[in-house]
Every structure is written in C-alpha cells, then in structure tokens.
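Numbered from 1 within each chain, the chains take letters A, B, ... in sequence-line order. The structure displayed is predicted, hence computed values, not measured ones.
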Number of protein chains: 2
Amino acid sequence: MQDIPLDRRTDQIREALEEMIVEGHFPDGARLDEVRLAEQFHVSRTPLREAFQSLAASGLVELRLRRGAFVKFPALEDVIEMFDVMAEIEAMCGRYAARRMTPEAEAEIAAALVGCETAFAADDFDGYYRANHEFHALIYRASGNRFLAGEAERLHRRLKPFRRLQLRLRGRMRESLKEHRLIFDALVAGDEAAVTAQMRAHIAVQGDRFNDLAAQYRRSIGAAGARQRDRERV
Amino acid sequence: MQDIPLDRRTDQIREALEEMIVEGHFPDGARLDEVRLAEQFHVSRTPLREAFQSLAASGLVELRLRRGAFVKFPALEDVIEMFDVMAEIEAMCGRYAARRMTPEAEAEIAAALVGCETAFAADDFDGYYRANHEFHALIYRASGNRFLAGEAERLHRRLKPFRRLQLRLRGRMRESLKEHRLIFDALVAGDEAAVTAQMRAHIAVQGDRFNDLAAQYRRSIGAAGARQRDRERV
DNA sequence: ATGTCATTTCTTGCATACAATAGGATTGAC
DNA sequence: GTCAATCCTATTGTATGCAAGAAATGACAT
C-alpha cells in the first residue's frame, strides 16, 4: 500500500507480528499478550499497543474492549468471499496490464514465469509460492495503476496462507502453471478480454475449491490449538 | 470493514479525526500536532498516537519518522486511479446484487432512490449525497458478499470529498439520478450484464471527468492553506 | 456436586515521565 | 553580509506508573 519509515520499534514489531500471524504461528483466537510480547521483543508495552492498532486495521487481529488483541482467522465463508474479490481485482490488473504492457514488464513477467517452471520442475512448493507471488505482483504493477497494485498486494498478502495450501492440492501446481502460461500469452497478445477471463478463472478456482481444503487446513494450522469459536473458522 | 468497539478514547478520536480530514478541515500536508490535539480532546498523547496508527493504515495520514503525522491528500492521479478501482468494485457489487436480489433489498433500494429524487427536486446537494450513499451502500450489502461490501464502503468513504464535488458540476445530479434509475431497473430485472455496465459507467464517469474538477477543487479546499508540495495534489 | 457471589489478581487503557532527534536559532569566521 | 558549525528548543518515540475493568479464585449456599 505504502512504504512506511520502518525504523521505529513499533514498525518492526508490526512487521514481525504480521509475518508470524500470516505464517500461522498463532492459533486462531489466540490472545496477543502485551506483557509477554513486550518482554520477548525487549520493549515496553507502548510500541506493541501501537502495532496492534495497525494490525487491527488490516484485519489480522481483533481488538476487544479491555480484553486485548486476538488473532482473527477469517471464517471459511470469509475466505471464499475474499477470493471472489481477489479474482475481480486480479482480473482488473490483468486487463490494464494487457493494455499497458511494456517490453520491460514483459521480460520481467517472462522471467517470473521461468521461476515458476523451475520450482514446478523441482516440486518445490515454497519456491513455487514465491515465484507465483512474483508473477502476480509484476502484473499488478504492470497495470499502471499504483492504487490498484497496492490493493492487490494487500489482499494477496491477506490470502497468503490459503494460497499456499492450494498448491498442496493434487495437481494444483501443474494447473496453476498452465494457467500462468495462458495468462502470459494473452498479456503479450494484448488480449484484454482473454487476460481478464483467464485471470479471473485462475483465482476464482481457488475460492471455488476452497471447501475441499477446509478439512486439510484445520489439520495443518487450526489444530495448532484453536478451539472452535462462535462460528466455523477455517 | 469491521465494527470496532468504540468506547475507548482512541477510537473516538480516530473517528473524529477521520471525519475532520475527510471533510477537509485540514489543508493537505498539515501536521497533526499531538500536543495541541491532545489538549483539544482533553486526553494525553497516547490515544492520539494510537489513532494516528489507524489513520495511517487507511492512508489518510502519513507518518514521517520523528516528524509526526501529516494529512495526506491524494494526488490528482491517485484520485483517478481510485475511481477506476471503485468503478470495478461497485460494478462487482451490482453484478452480485442483481443475482441475489431479494424483495426486501429491492424495497430498501427503491426507498433510497426516492430519497435521491426528493433531494434532487429540492436541489439539495448534501441531501443528495446522503441519499446517494444510502443507495450505493444498500447495493453493496445486497451483493451478499460482506467482505466486498466492507471494501466498497471503505473506498467510498475515502472518495467522499471527491464525490461530493462531482454533484456540484452542472447537471451532474440530474445525470446521476438518471443513472440510478437505470441501475435500479437492471437490478430488478436481474440483468447482471446491464447492472455491471451501468454501474461501471456511473462511477467511471466521475473519474474520467475529474480533471475538470481539479481547478475547482483546489479553490474550494486546497486553498484553505495547502502549499504545493513535491507533486501536484488536488 | 453445582451455582452464586465476594474478593483478589491480572490486564488493559490512559497519563505521565524521560530520552533521543530534527530543525531552527545563535554565534562566529570569513 | 554570507555561510558554517554549534547549541537550544520543540517534538517525537519509548518507558513507566496508575486507575478501572475483566477474569480468576474461593467461600458459601443449595
């Protein structure tokens, strides 16, 4: 969205906590203990509290009045809704990118695509995730709309853990790569309609199939200690 | 996006500042003086600083390292970019709403439309703005995707000052109302494609024509004390 | 054993205190 | 009079202190 100074402990802590939450180091609903975390980071409670404000704004934690900050995993339905929106946002990025593609952008995206292929060949899930992110992020930027790119990045980051899981599905990585090629070809051809359709499908399929993943996800992350709460969470 | 507790001074101050900024009570680039605002709100600096974190996250202010919080008006190009994204988001809301329309939603939207007509008849800009917001917000919710609705609301709020200005353009209110009727009819007919197209046009026209407004806007708000900065701001 | 209520402890929310830095004012050299 | 180096002040960033509210504990009654 915007690059913040990052020199204050507050910002460093915000980054660190965001990473930890997105990577699933906390179970859903876990309370982020101000005092304990303050000790862990060797700071007072003040920078932590300020970091909580930021995290709450991006929806990663929930601040309950006089109860503290709680890690908030989205519910299954939330994730599906988010993928729906993501599909549309990414489709829009693709559409603009197709219209505004430059030789430089094309070369960069081509390189990212090679990265995807390499990771696929090596059966490297994490590597594929990174290359995939690079591929998509370059298209965001190629849209020429920085606000759009920022929103896309934000959403992408929020959906990170769920995208990663997708890759573990049987054959998903192969499919994903095939879709990337189609998207790339349409981009190069400047075919806005095709890019839009391919991209939308590429993302939407993840939401559509997300139900298949719910159970698996619960085992892999939710089981880390989350207890069922007021409504079902993935 | 999510309903926050709002009982802490921090949250009240965040709301108040957001309102003041969106309403143009501060010139672009103005520093939000912690000490002075703390006195004004009869609190210490702590809740103010926490509110700043929130505001920075939504992009309304910029936190500069050891310099403080500064009001950040988007640049002209930023506003155009934001309207582009808004057009797509609203179009998506419309598409989903057309698919999922209920009799209740239809009645509510019809009522909001009447509100628009009333305000138009009375030549009441502010009234029209409110009715307009109601009309759009109901469609967001009718989309049945709460995440989408939240994002739409957030963006709408961020673009509030620029939308309001639109209405002052010669004949814009009449046009807007006409477009609302078309959108409503397509919604009732369940014509997804038509709603999508109408809604996209309804919003995009505001971005497209925004250049016409820039000069006017500079007079009405920017003149309040903003000095030109590193790049042109509306 | 279970439920209710009082008491205690813990934690948050805010205020205040202190330390570090940025930017301007001041001084002095040329 | 201009420029540079230095000092001073204002303001941020962080730590700590304190009061109010929530949860935990335990006594007591049913």
From CG of A/Leu32 across to C1' of C/dT11 the rounded distance in Å is 14 Å
Heavy-atom closest pair (A/Arg8 atom, B/Gln53 atom, distance to 0.1 Å) is NH2-NE2, 3.4 Å
Rounded to whole Å, CG of A/Leu48 lies from P of C/dT11 at a distance of 14 Å
key: Salt-bridge contact B/Arg95-B/Glu88 (side-chain N to carboxylate O under 4.0 Å)   = no
Side chain to side chain contact (heavy atoms under 4.5 Å, CB included) with A/Phe83: of A/Ile203, A/Val205, A/Asp208, only one passes, and it is A/Ile203
To the nearest angstrom, the CG-P distance between A/Asp33 and D/dA23 comes to 14 Å
Stacked cation flag B/Arg164 on B/Phe125, 6.0 angstrom / 45 deg
no
Short heteroatom pairs, N/O only, protein and nucleotides 13-17 of chain C, under 3.5 Å:
| unit_1 | atom_1 | unit_2 | atom_2 | d |
| --- | --- | --- | --- | --- |
| C/dG13 | OP1 | A/Arg66 | N | 2.9 |
| C/dG13 | OP2 | A/Arg49 | NH1 | 3.1 |
| C/dG13 | OP2 | A/Arg49 | NH2 | 3.4 |
| C/dG13 | N7 | A/Arg45 | NH2 | 2.9 |
| C/dG13 | O6 | A/Arg45 | NH1 | 3.2 |
| C/dC14 | OP1 | B/Arg9 | N | 2.6 |
| C/dC14 | OP2 | B/Thr10 | OG1 | 3.0 |
| C/dA15 | OP2 | B/Ser44 | N | 2.5 |
| C/dA15 | OP2 | B/Ser44 | OG | 2.7 |
| C/dA15 | N7 | B/Thr46 | OG1 | 3.0 |
| C/dT16 | O4 | B/Thr46 | OG1 | 3.3 |

- prompt: So is A/Arg99 actually on top of A/Tyr96's ring, under 6.0 Å and inside 45° of the axis?
  reply: yes
A/Ile13 CD1 to D/dT14 P, in whole Å, measures 8 Å
To the nearest angstrom, the CZ-P distance between B/Arg31 and C/dA22 comes to 15 Å
Exercise. Would you indicate whether the side-chain heavy atoms of B/Leu155 and B/Glu90 approach each other to under 4.5 Å?
Key: no
